[in-house]
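Not measured: the values here are computed from a predicted model. Computation of the quantities below employed the complete heavy-atom set of this structure, encompassing side-chain atoms and omitting hydrogens, waters and symmetry-equivalent molecules.
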Number of protein chains: 2
Amino acid sequence: MGVAERKAKEKEELRNHILAAAMRLFAEKGVDNVTIRNIADAAEYSVGTVYVYFKDKSAILHALHTQGFSDLRSRFQILTYVADPMERLKASGHVYVQFAVENPHMYQLMFSVADPIDHVECAPDGKWHEGQSTFNFLRDMVQACVDAGHFSGHQPVALAYLIWGAVHGICSLSIMKRASVTELNNPVGEGLTEFLRMLDRL
Amino acid sequence: MGVAERKAKEKEELRNHILAAAMRLFAEKGVDNVTIRNIADAAEYSVGTVYVYFKDKSAILHALHTQGFSDLRSRFQILTYVADPMERLKASGHVYVQFAVENPHMYQLMFSVADPIDHVECAPDGKWHEGQSTFNFLRDMVQACVDAGHFSGHQPVALAYLIWGAVHGICSLSIMKRASVTELNNPVGEGLTEFLRMLDRL
DNA sequence: TTAGATTTTGAACAATGTTCAAAATTTGCG
DNA sequence: CGCAAATTTTGAACATTGTTCAAAATCTAA
């Protein structure tokens with residue numbers, strides 16, 4: 001059945017081709033300014049073909065956001081080589097913030113757009129694996145810090161959520177253009193510095 | 001000129017009438033699910049009339065978000081009576097979180113939707129007064145804490161931004177349905193507890 | 001009363017997500 | 001190769017959105 005195989009591969013290739021075109025447009029123009037017709041044009045296929053490979057626009061946005069989490073996780077992967085858990089945790093803060101600042105549109109899609117989660121909720125599984133595995137990585141790092149004697153008096157999982165929230169918050173406010181009121185030159189960087197200084201004392 | 005006065009009052013009343021209808025729909029269905037036609041229907045006027053009183057949809061969303069900030073600030077007002085600055089700061093965290101949890105759609109509009117800021121940027125002034133005055137309130141509270149001997153080694157404005165970001169982050173992740181992966185019963189409440197515990201030690 | 005000003009209307013337009021019958025292409029077989 | 005069936009691709013068509021604007025309806029003032 002060599003033909004069936006080749007066909008399957010071609011289908012997958014075209015799907016990726018459309019996705020790549022969507023990603024290009026999207027990184028440049030942001031979620032709100034990409035249309036299905038844009039994507040079809042960029043991929044050099046018709047609108048109908050896009051709908052053969054993706055159920056609807058939410059499916060495309062979900063696929064893109066999945067790539068974003070994949071990218072973020074691969075950046076975290078490097079941190080495995082930082083032995084001290086507290087140093088690893090702080091370094092991951094820098095990695096996270098850098099990812100957000102470098103990919104604001106992707107960051108917005110990953111955390112401030114309803115579509116990807118709506119798509120997940122309608123799936124048979126219903127679980128948000130992208131977010132789950134990323135949070136687990138953070139939770140385990142925090143637990144390693146606790147095991148190393150840090151964060152006494154804190155509840156590890158809740159603390160992990162707070163850490164995520166804090167770093168997310170300073171990125172999100174900046175990306176959503178709410179940080180200008182601080183009149184800081186680099187609110188994200190300075191905010192992170194303050195947070196890491198706090199963590200260091202625990 | 002009694003007539004001109006009455007006319008002016010009637011214009012303002014109709015504007016508020018439309019806004020009130022928009023607010024009702026919006027609090028119930030969220031930003032993404034309210035259309036101009038919905039608003040016109042709810043206000044019992046035609047689509048065209050809505051456009052007489054508001055330049056475009058962004059103007060409506062901006063007006064709504066302004067009411068949200070007005071509500072939030074009036075909640076903060078009560079805290080003026082908490083004498084100890086550290087207690088005041090912590091109480092304001094609870095007030096902020098409660099506001100967000102009680103008004104998720106409004107919170108989303110205030111911090112995770114581009115429209116209000118776009119509208120501000122196109123205005124003659126160009127400054128985001130709603131956010132500015134709210135941040136100033138927080139900045140002054142943090143400064144009062146510094147004056148009372150807290151937060152040594154921290155930069156007040158950057159710290160204020162971090163505090164805002166942290167509390168915003170735990171609210172935002174929850175409201176945008178990204179917090180389910182923590183498997184915490186009450187991620188917002190537990191996250192805030194962790195944060196206030198951290199602040200207490202500084 | 002009535003002419004002019006003001007307010008309100010809703011049909012019409014462009015842009016969007018989505019569908020689907022038909023056209024174009026590819027496959028499998030005699 | 002030739003050709004029918006299966007597959008893939010197409011783009012016209014539909015519903016819904018934000019938005020505009022000439023006309024209708026209403027109100028004002030003399």
Need one value for [X]: base, sugar-phosphate or nothing, where a base atom within 4.0 Å counts as base even if backbone is also close, heavy atoms only.
X: A/L14; value: sugar-phosphate
X: A/T35; value: sugar-phosphate
X: B/V50; value: nothing
X: A/F54; value: nothing
X: B/I39; value: nothing

Given [N], is OP1 or OP2 found less than 4.0 Å from the side-chain N or O atoms of [X]?
X: A/Y45; N: D/dG11; result: no
X: A/Y51; N: C/dT18; result: yes
X: B/S46; N: C/dT8; result: no
X: A/Y53; N: D/dT8; result: no

ask   = Using the benzene-type ring in the case of Trp, are the ring centres of B/H154 and A/F195 under 6.0 Å apart?
value = no

For atom [atom1] of [X] and atom [atom2] of [N], their distance in whole Å:
X: A/E44; N: D/dT10; atom1: CD; atom2: P; value: 10 Å
X: A/D115; N: C/dT16; atom1: CG; atom2: C1'; value: 14 Å
X: B/I60; N: D/dT17; atom1: CD1; atom2: P; value: 14 Å
X: B/K11; N: D/dC27; atom1: NZ; atom2: P; value: 16 Å
X: B/D118; N: D/dG18; atom1: CG; atom2: P; value: 16 Å
X: B/K55; N: D/dT20; atom1: NZ; atom2: C1'; value: 13 Å
X: A/D56; N: C/dT16; atom1: CG; atom2: C1'; value: 14 Å
X: B/E12; N: C/dT7; atom1: CD; atom2: P; value: 14 Å

key: Mutual orientation of the aromatic rings belonging to B/Y161 and B/W164 [parallel < 30°, tilted 30-60°, perpendicular > 60°]   = perpendicular

ask   = For A/T49 and A/N38, take the nucleotide of DNA chain C holding the closest heavy atom to each; which residue's nucleotide lies nearer the 5' end?
value = A/N38

Position toward the 5' end of DNA chain D (nearest nucleotide), B/G48 or B/K57 = B/K57

ask   = Given C/dT18, D/dT19, D/dT9, which nucleotide is nearest the side-chain atoms of A/V52?
value = D/dT9

message = Whether the side chain of A/N103 engages the backbone of A/F99 through a donor-acceptor N/O pair (distance < 3.5 Å, no angle test) should be reported.
response = yes

inquiry  = With a 6.0 Å cut-off (strictly less than), is the heavy-atom count around CG of B/D125, excluding the residue itself, greater than 12?
reply    = yes

message = Set out, in order, the CA-CA distance, both residues' side-chain angles and the distance that settles side-chain hydrogen bond (donor to acceptor under 3.5 Å, both in side chains) for B/D71 and B/Q67, then state yes or no.
response = CA-CA 6 Å; B/D71 182 6; B/Q67 288 197 8; over 6 Å; no

